[in-house]
Protein chains: 2
Amino acid sequence: MTETRVPIPTLERLAIYLRVLLDAHEAGIQTLSSQEVEQHSGINAAQFRKDLSYFGEFGKPGVGYSVAGLIQCIERILRLDAEQPILLVGAGNIGAALVGYPNFQAHRLRIAAVFDNNFVKIGRPFGDLVIEDIARIREINATIGARLGIIAVPASAAQEVADLLVEAGVTGILNFAPTILRVPPYVHVRNVSFLQELAVLSYQAVEESLCMNGQASRGGEDAV
Amino acid sequence: MTETRVPIPTLERLAIYLRVLLDAHEAGIQTLSSQEVEQHSGINAAQFRKDLSYFGEFGKPGVGYSVAGLIQCIERILRLDAEQPILLVGAGNIGAALVGYPNFQAHRLRIAAVFDNNFVKIGRPFGDLVIEDIARIREINATIGARLGIIAVPASAAQEVADLLVEAGVTGILNFAPTILRVPPYVHVRNVSFLQELAVLSYQAVEESLCMNGQASRGGEDAV
DNA sequence: ACGATTTTGTGAATGATTTCACAAGGTTCG
DNA sequence: CGAACCTTGTGAAATCATTCACAAAATCGT
Ligand SMILES: NC(=O)c1ccc[n+]([C@@H]2O[C@H](COP(=O)([O-])OP(=O)(O)OC[C@H]3O[C@@H](n4cnc5c(N)ncnc54)[C@H](O)[C@@H]3O)[C@@H](O)[C@H]2O)c1
Ligand SMILES: NC(=O)c1ccc[n+]([C@@H]2O[C@H](COP(=O)([O-])OP(=O)(O)OC[C@H]3O[C@@H](n4cnc5c(N)ncnc54)[C@H](O)[C@@H]3O)[C@@H](O)[C@H]2O)c1
């Protein structure tokens with residue numbers, strides 16, 4: 001295991017392995033080989049081994065991986081070994097689904113506070129929490145110390161909220177709004193876009209070419 | 001433009017370009033260069049041009065791309081030029097957020113029916129729709145003819161629902177449940193996993209190595 | 001009409017990720 | 001103990017994706 005930067009696809013798969021391992025643990029399985037992980041995850045066994053090799057050596061030749069041991073190691077890698085508080089901004093539809101989602105807990109992710117700017121909503125209960133005024137986000141996170149934030153506000157407010165999150169000390173943002181956020185280089189953003197996913201599926205589900213070749217730039221209006 | 005299979009990253013970016021173009025159209029802009037698209041999307045101008053080159057030639061040298069024209073072309077490519085009906089299974093939290101989401105319409109994606117297996121929910125209104133019995137999905141889709149489906153049920157029911165969707169004629173599935181679905185090779189699946197996204201951010205937001213090297217497979221239990 | 005300027009479309013070069021393939025380590029059992 | 005058998009960890013090869021760089025096409029000003 002040499003000193004390289006970890007590829008993002010590797011990080012994404014780590015979370016998948018963790019789920020497979022937790023399922024196996026639940027089922028009382030104590031050991032898994034990379035081959036068996038492939039069966040359950042659909043991810044190539046060599047890929048699994050190489051992914052882990054970025055972080056160390058976790059298996060025993062001839063045996064495989066200790067399920068409990070590897071769970072702990074991946075949790076440590078992903079910083080899910082201690083509770084990870086999260087700031088949620090936007091107490092709307094998406095926000096409601098998130099605060100009520102029990103699986104976060106299993107990964108030690110906890111929505112620690114919810115913010116909105118709608119005076120009708122501020123102060124109301126929301127899941128186990130009470131909706132806070134977005135204006136107090138910095139002050140409140142001084143206590144919580146969250147490094148992760150979720151943006152679940154309309155696109156028009158997303159950049160403004162991102163700025164506030166960064167100011168409050170957040171360095172990782174999960175963004176549900178359909179916008180490109182501008183953030184300092186040390187802040188990481190991941191976008192969730194159902195529309196994008198559906199658009200890709202829409203193409204794949206038909207898989208046939210129509211808009212091929214030809215006339216270009218004609219389409220109701222003209223360039224120039 | 002030679003006859004190659006289109007890379008999935010290209011399809012994903014197509015949806016991003018479409019959003020940028022729709023915003024520009026809204027703002028009354030008639031023409032955009034690849035350079036300007038880069039500004040608005042964060043995606044390299046050459047990448048944009050190459051992505052389009054998989055489907056044909058859409059720009060004019062020295063000018064750029066007709067916003068309206070390119071919108072139409074990308075919509076055709078993604079099969080968003082005619083209304084695309086979608087079957088939603090699971091009238092829970094996620095389902096509720098989805099049926100109430102107005103942006104689908106702008107992309108001609110329409111949730112055409114909602115299904116659940118909970119007798120208390122079946123028959124109730126849900127957004128503009130009425131919740132249908134999952135048992136009737138095949139029958140109902142014989143009328144609708146949807147090729148896209150969304151799975152928003154608990155993980156334990158996801159595979160069963162996927163089988164029903166495929167049987168009903170769906171060939172593209174957006175899966176919110178944290179499970180690997182087994183489907184026939186002609187069916188495409190895209191998984192949405194907030195937990196996975198947050199896990200990646202959790203790592204990136206700290207970016208420091210702890211679980212390095214060493215002892216492997218020790219962790220509360222032993223392999224073997 | 002034409003040279004200066006802009007911008008496309010695309011091979012070729014670079015870079016990143018995945019897969020292969022195998023030596024080395026560990027286990028099982030006669 | 002040792003031979004047969006697994007399974008890991010990892011360089012090297014193959015595949016896939018991005019970026020460069022430039023000829024060709026379109027426009028504009030004079
Ligand atoms: N609902 C969906 O299915 C869905 C799907 C894809 C993407 N999205 C995106 O997710 C985001 C949230 O969607 P939603 O359906 O939950 O929206 P919503 O309208 O239900 O909720 C948005 C919330 O954000 C709050 N808000 C607005 N401006 C704010 C600000 N400056 N500071 C703090 N709070 C503010 C509003 O008061 C509201 O409570 C949107 O950007 C939407 O485009 C939603
Ligand atoms: N809520 C979140 O924030 C969130 C986040 C990430 C992932 N998810 C995943 O999305 C999925 C849905 O989450 P949710 O919060 O909406 O759950 P939910 O419990 O609110 O809703 C699930 C719905 O599915 C229905 N259902 C169960 N079995 C069914 C079957 N066999 N056929 C048809 N309907 C059936 C239930 O009656 C219920 O109405 C789950 O797999 C969950 O793990 C949710």
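Lettering follows sequence order; numbering is per chain, from 1. Owing to the predicted nature of the structure, the values given are computational and were not obtained by experimental measurement. What's counted below: heavy atoms across the whole structure, side chains too, no hydrogens, waters or symmetry copies.
- Nucleotide C:dT10 holds its P atom 11 Å from the CZ atom of B:Phe58, rounded to whole Å.
- Taking atom CZ of residue B:Phe48 and atom P of nucleotide D:dT19, one finds them 15 Å apart after rounding to whole Å.
- As rounded to whole Å, 16 Å separates atom P of C:dA16 from atom CD of A:Glu12.
- If you measure from atom NZ of B:Lys50 to atom C1' of C:dG11, you get 7 Å, rounded to the nearest angstrom.
- Rounded to whole angstrom, the span from the CD atom of A:Gln47 across to the C1' atom of D:dA14 amounts to 14 Å.
- In terms of heavy-atom proximity, A:Ala97 sits nearest to B:Ile94 at CB-CD1, 4.2 Å.
- Counting to the nearest Å, the P atom of D:dT8 and the OH atom of A:Tyr17 are 12 Å from each other.
- Nearer the 5' end of DNA chain C, as judged by each residue's closest nucleotide, is the contact made by A:Arg49, out of A:Gly62 and A:Arg49.
- Note that CD1 of A:Ile151 and CG of A:Leu87 are 11.0 Å apart. Values are rounded to the nearest 0.5 Å.
- Between the C1' atom of D:dA17 and the CG atom of B:Leu11 lies a distance of 13 Å, rounded to the nearest Å.
- You'll find that the side chain of A:Ser33 is closest to D:dT7, out of D:dT7, D:dT18, C:dG9.
- Contact annotation: B:Tyr65 reaches the phosphate of C:dG9 (side-chain N/O to OP1 or OP2, under 4.0 Å).
- The distance from the CD atom of A:Glu38 to the CG atom of A:Asn44 is 5.0 Å, given to the nearest 0.5 Å.
- Of the possible polar contacts, one joining the B:Arg108 side chain to the B:Leu80 backbone as a donor-acceptor pair under 3.5 Å is found.
- Taking only side-chain atoms of A:Ser53, from C-beta outward, the nucleotide of C:dG11, D:dA17, D:dT10 with the closest atom is D:dT10.
- Nearest nucleotide to the B:Val63 side chain, out of D:dA26, D:dT18, C:dT17: D:dA26.
- Nearer the 5' end of DNA chain C, as judged by each residue's closest nucleotide, is the contact made by A:Asn44, out of A:Asn44 and A:Pro61.
- As rounded to whole Å, 14 Å separates atom P of D:dG9 from atom CZ of A:Phe55.
- Test B:Gln47, B:Lys50, B:Arg49 against B:Ser34 for side chain to side chain donor-acceptor pair (under 3.5 Å) and you get one pass: B:Arg49.
- Ring planes of A:Tyr203 and B:Phe55: perpendicular class, angle over 60° (limits at 30 and 60°).
- For D:dA17, the OP1/OP2 oxygens have no side-chain nitrogen or oxygen of B:Arg13 closer than 4.0 Å.
- Against DNA chain D, the stretch residues 34-42 of chain A makes heavy-atom approaches under 4.0 Å through A:Ser34.
- In this structure, the side chain of B:Thr10 does not engage the main chain of B:Asp51 through any donor-acceptor pair within 3.5 Å.
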